[in-house]
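None of these values were measured; they are calculated from a predicted model. So you know, we letter chains A, B, ... as the sequences are listed, proteins then strands, and number each from 1.
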Amino acid sequence: MQFLLSEDQKMIRDMAREFASDKIAPFAMSWDQNHEFPMETIRQMAELGLLGMTVSEEFEGAGLDTVSYALAVMEIAKGCSSVAVTMCVNHLVCSILQDYGSQQQKDRYLKDLASGREIGSFCLTEPQAGSDAQNQKTRATRTATGWVLQGKKAWITNGTYASVFVVTAVTSEDASGKKEISAFLVPRNAKGLILGKPEHKMGQCASNTIEVTLEGVELSEDAIIGGENGFKVMMNGLNSGRVGIASLCCGIAASAIREAVNYANERVAFGAPIANLQAIQFKIADMVTGLEASELLTLKAAWLKDSGKSYVESASMAKVFASEMVNRVTAEAVQIHGGNGYVREYLVEKLYRDARITTIYEGTSEIQRLVIGRGVLKKGFL
Amino acid sequence: MKIYVCCKQVPDVAMTIQIKDGKFISEGMNYVLNAYDASCVEEALVLKEKYGAEVTLVLIGDEAGKEALRKGLAMGADNAFHISDPALNNLGSQAAAKVLQAFFKGRDFDFILTGKQAQDSDMGLAGGILSGLLNLPYVTNAVGLDVQDKMIVVKRQGDEGVEVLHMPMPSLITCSNDMNDPRIPSLKGIMASKKKPMEQVSLTDLGLSADEVLKESQKSSLKSFGLPPARKAGAKIEGDAQTLVATLMEKLTKEAKVL
Ligand SMILES: Cc1cc2nc3c(=O)[nH]c(=O)nc-3n(C[C@H](O)[C@H](O)[C@H](O)COP(=O)(O)OP(=O)(O)OC[C@H]3O[C@@H](n4cnc5c(N)ncnc54)[C@H](O)[C@@H]3O)c2cc1C
């Protein structure tokens, strides 16, 4: 067994690290406080190839592996997790197009998204249907020329800036209420697509989240992606998204630990740096141990995917473990900062808020545990 | 145009430096392309984009030194030479210049860029010595480069302002990191860098012996490392404006005796 990154992977990690420390970290607190979406930074990332990392070069991606992607997300999230989630959601849309898109759909949308000339949104959640995705009400009705979509999608990341939306909708329902759900590509200029105002969030305030309303949006026949009832297939594709979010959690945690360590070494109480106190040392020990474990779970899931092995449960384990880890780690980083940790002047205050969403989006912790638990119980455990 | 950039790999100065018994502890350190050299690469690439040029990197260093070269290639340099030999570890500036002199013998180029110093030793000697050995016109501390009518236009940060010098080709120029903001390599650049030529050069290839290098190295050698002494805490004066000024005057005249 070897825990070694390839030379390429190291270079990619270093490049993302350099970008995050030069072009993201110095501005992250001001973006957060002004609720500013850093479009210019996203453009620069696009130029470096960071927005379509695992898309093949044929479609203007970088043609890289999932491990490299995970490493890059970790580094970008060290700078700002809002930027990382923007990157992750675009990557998710790219992956869906790459895996399930027709040649025509790829030509039309994937090249723009993988090169980062445009960014994409993924619309699954509805106001009444989050974890319970089967309960969605958005309808896709067949017409003579294609489809018409009617419904409302909630919490849509990148929505204000997206050029294309992958939208799930119910295509049929049988007598027992069992639904068939499919996914559609809705271009931004589609008539009847109404974009709401950005939500005021607790954290990740430099990412963009809106409500999207579809009011009789007419789409042509070829707007459907992955075929009818293709949603189930696509849900598997969503698992790779969890590797991205787990990586994002590792990035936030790494920043929180760096801040906590620096602060503990400098802050003097009772005549000595608080770093000398065993209570603080134990906190730091737990924090780095949690981060290390999360990184290993995350990179293992990424590696399984790259190796063509089953990684669904591993991705869920990484996501649930890393997101709960980063909530503990950022809380402890605030604790180590004392009162200073509670004010906007200190980065840990932001990191604590940013961490909170990670156990909720891309499948809550509870849902991840369902995936893991059911998977293990079904297969048995020897 | 043919531009050579001489590079060095140095410990990442953002990390905490550890010294034990006068020795620098390299274990656990990250090594990176010297920031001044990165500025040279950047400037060479800007000239390449403007006028067309071949940008070649040269580095003396162990196996790990290849990482710094790959970084430069990923930024956009065309090819690289990796001069490597067990006898070349911990080279002094004099010996490094000697090795580079041997490397440049018989080579055709328009100018050589080097960082004005290396971030680790901060000697700032190798470039100057090399220009002497190669008998090349030489200018230090460049903050801007351009080419006009077959002359190199160098903006140099002098003591009293920026000087503009016209240098013939070939020349040697040492560069400041104030010159530019080196580009971050793109993923495409990183992947392309693997396929760019990186040639291994040994001491024998250069017609040098380990003894010769050692002799040069001894002309200037590093005896030991030490951390700068911790600064003494300053004195804090408190009170209203009147007391502040009075106490300060007292301290300046009686204690520091500077007034
Ligand atoms: C900032 C942000 C960005 C987002 N971005 C996107 C996006 O780009 N695209 C998109 O489609 N969605 C997005 N979401 C939506 C997100 O994925 C959902 O909020 C999430 O899936 C939870 O759904 P919900 O909010 O409806 O909560 P609910 O599903 O109502 O859950 C409420 C609580 O009940 C628990 N629960 C529900 N069902 C079960 C169960 N079966 N067993 C145990 N516990 C259960 C949940 O775990 C949770 O604790 C985003 C959300 C936010 C806040």
Proximity breakdown for Leu50(A) and chain B, heavy-atom pairs closer than 4.5 Å: both

Looking at Ala74(B) and Met11(A), what are the two nearest heavy atoms and their distance? CB-CE, 3.8 Å

Do you know which two heavy atoms are closest between Leu187(B) and Gly49(A), and how far apart they sit? CD1-O, 3.0 Å

Qualifying residues under salt bridge (charged side-chain N to carboxylate O under 4.0 Å, His left out), relative to Asp120(B), sequence neighbours excluded: Lys8(B)

In this structure, are over 12 heavy atoms from other groups packed under 6.0 Å from Tyr51(B) atom OH? yes

Show the pairs of one donor and one acceptor atom, one from chain B and one from chain A, lying under 3.5 Å apart.
unit_1, atom_1, unit_2, atom_2, d
Arg70(B), NH1, Glu7(A), OE2, 3.1
Arg70(B), NH1, Asp8(A), OD1, 3.1
Arg70(B), NH2, Asp8(A), OD1, 2.9
Lys71(B), NZ, Glu18(A), OE1, 3.0
Asp181(B), OD2, Lys23(A), NZ, 3.2
Leu187(B), N, Leu48(A), O, 2.8
Lys194(B), NZ, Asp8(A), OD2, 2.7

